[in-house]
Amino acid sequence: YADLIASTLLNLGFECDEIGDIASGIRYTNESLGWSKLTGNLIMLSTAYNNLAYEYTVQKHYEEAIEFYKNSHAIRLIINDGGMIAQSKCNIGNAYGELNNYDSAFFYLKSFYPLYFLCAAFFFRQRPVLLLWFLSALIWSFFHQWLIADQGMPRTLLIPKAELQGYVAS
């Protein structure tokens, strides 16, 4: 019955989150976490950690959220489910981004999944148009990253004694 109790508590926590009662959601998800540890159900355990992290993210407690996301990610690595691992990396990266810790965010948001996609496309002999569109999207993403990279720069003067001369001609 422990699996059923853990699942029910997890669902109650999720429903509380949906109606905006995050405090009750955290309480139910914490209880689910305890039951999930007893059962040894790794999928349930990683989901409980992930939901707790989400609840702390909603409350803007990003440091706590990152710890729970990392616990979920570690379990998902054991399970070896690519989709769940990718979701964990995105969650951790986004939480670090909210803390303006862009180096750590980039570490979790970069991956080899585009390379895996190309290998799969060559293996399954996809039409060249698909690969062309994929490479175009990849090039656009690199250009877009270069274009917005300085948005996270500090709002301080980088060259304090510089002078701007000239006029705007438009």
Side-chain angles (χ1 to χ4, degrees), residues 1-18 22 25-142 144-145 152:
Y1 294 111
D3 255 355
L4 184 59
I5 293 170
S7 176
T8 302
L9 288 168
L10 192 60
N11 287 333
L12 281 171
F14 180 73
E15 293 303 323
C16 288
D17 295 342
E18 288 293 310
I22 302 298
I26 289 174
R27 185 170 47 95
Y28 286 124
T29 307
N30 262 325
E31 289 180 37
S32 171
L33 184 63
W35 283 98
S36 297
K37 287 178 181 177
L38 287 176
T39 66
N41 184 336
L42 294 180
I43 293 174
M44 185 85 64
L45 189 59
S46 74
T47 304
Y49 275 123
N50 193 68
N51 285 5
L52 272 172
Y54 166 77
E55 291 159 348
Y56 282 107
T57 300
V58 169
Q59 293 184 328
K60 299 189 184 319
H61 297 267
Y62 299 114
E63 291 86 5
E64 292 92 346
I66 289 170
E67 290 306 313
F68 285 119
Y69 279 138
K70 285 182 177 181
N71 289 337
S72 175
H73 180 66
I75 295 167
R76 289 173 174 187
L77 286 171
I78 294 168
I79 296 170
N80 197 21
D81 183 335
M84 290 170 51
I85 292 169
Q87 179 195 27
S88 294
K89 285 183 175 185
C90 288
N91 291 340
I92 296 168
N94 289 335
Y96 274 121
E98 290 294 330
L99 290 173
N100 296 326
N101 187 342
Y102 299 113
D103 291 336
S104 295
F106 180 72
F107 174 78
Y108 284 99
L109 292 174
K110 68 178 181 174
S111 72
F112 288 103
Y113 286 112
L115 182 61
Y116 295 150
F117 175 80
L118 279 178
C119 292
F122 283 126
F123 179 75
F124 292 114
R125 298 178 192 189
Q126 294 296 319
R127 294 178 304 185
V129 172
L130 177 68
L131 296 176
L132 180 65
W133 277 108
F134 175 76
L135 291 175
S136 299
L138 192 62
I139 290 169
W140 167 251
S141 69
F142 286 132
H144 184 261
Q145 181 64 32

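Only a predicted model underlies this, so the values are computations on that prediction, with no experimental measurement involved.
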### Query
Per the side chain to side chain contact (heavy atoms under 4.5 Å, CB included) rule, which among I85, I92, N91 passes with K89?
I85

### Minimum heavy-atom distance A48-T29, with the two atoms named
O-CG2, 3.4 Å

### Message
Holding to side-chain hydrogen bond (donor to acceptor under 3.5 Å, both in side chains), I want the full list of residues that pass it with S36, two or more places apart in sequence or in another chain.
### Response
none

### Task
Kindly indicate, with the supporting measurements, whether the criterion side-chain contact (heavy atoms from CB on, under 4.5 Å) is fulfilled by Q87 and R76.
CA-CA 10 Å; Q87 179 195 27; R76 289 173 174 187; 2.8 Å; yes

### Query
Are any side-chain N or O atoms of S7 and backbone N or O atoms of D3, one a donor and one an acceptor, separated by less than 3.5 Å?
no

### Side-chain donor-acceptor pair present, D17, N51, cut-off under 3.5 Å
no

## Note on the structure
In terms of heavy-atom contacts, K37 and L45 come closest through CG-CD1, 3.6 Å

### Query
Between A6 and W35, which heavy-atom pair has the shortest distance, and what is it?
CB-CB, 3.6 Å

### Task
Would you give the length of the straight line joining atom OG of S88 to atom CD1 of I75, rounded to the nearest 0.5 angstrom?
9.5 Å

### Task
Report the distance from atom CG of N50 to atom OH of Y69, rounding to the nearest 0.5 Å.
5.5 Å

### Query
Are the side chain of S46 and the backbone N or O of S72 linked by a donor-acceptor pair below 3.5 Å?
no

### Task
Please round to the nearest 0.5 Å and tell me the distance separating atom CD1 of I26 and atom CD of E31.
12.5 Å

### Task
For T8 and L4, indicate whether the former's side chain and the latter's backbone hold a donor-acceptor pair under 3.5 Å.
yes

### Separation of L38 CG from L33 CG (nearest 0.5 Å)
10.0 Å

#### Entry: More than 12 heavy atoms of other groups within 6.0 Å of Y62 OH
yes

## Note on the structure
Rounded to the nearest 0.5 angstrom, the CZ-CG distance for F68 and N71 is 7.0 Å

### Query
Under a 4.5 Å cut-off applied to non-hydrogen side-chain atoms, are N94 and T57 in contact?
no

### Message
Just verifying a value: how many Å separate I78 CD1 and I43 CD1, rounded to the nearest 0.5 Å?
### Response
12.5 Å

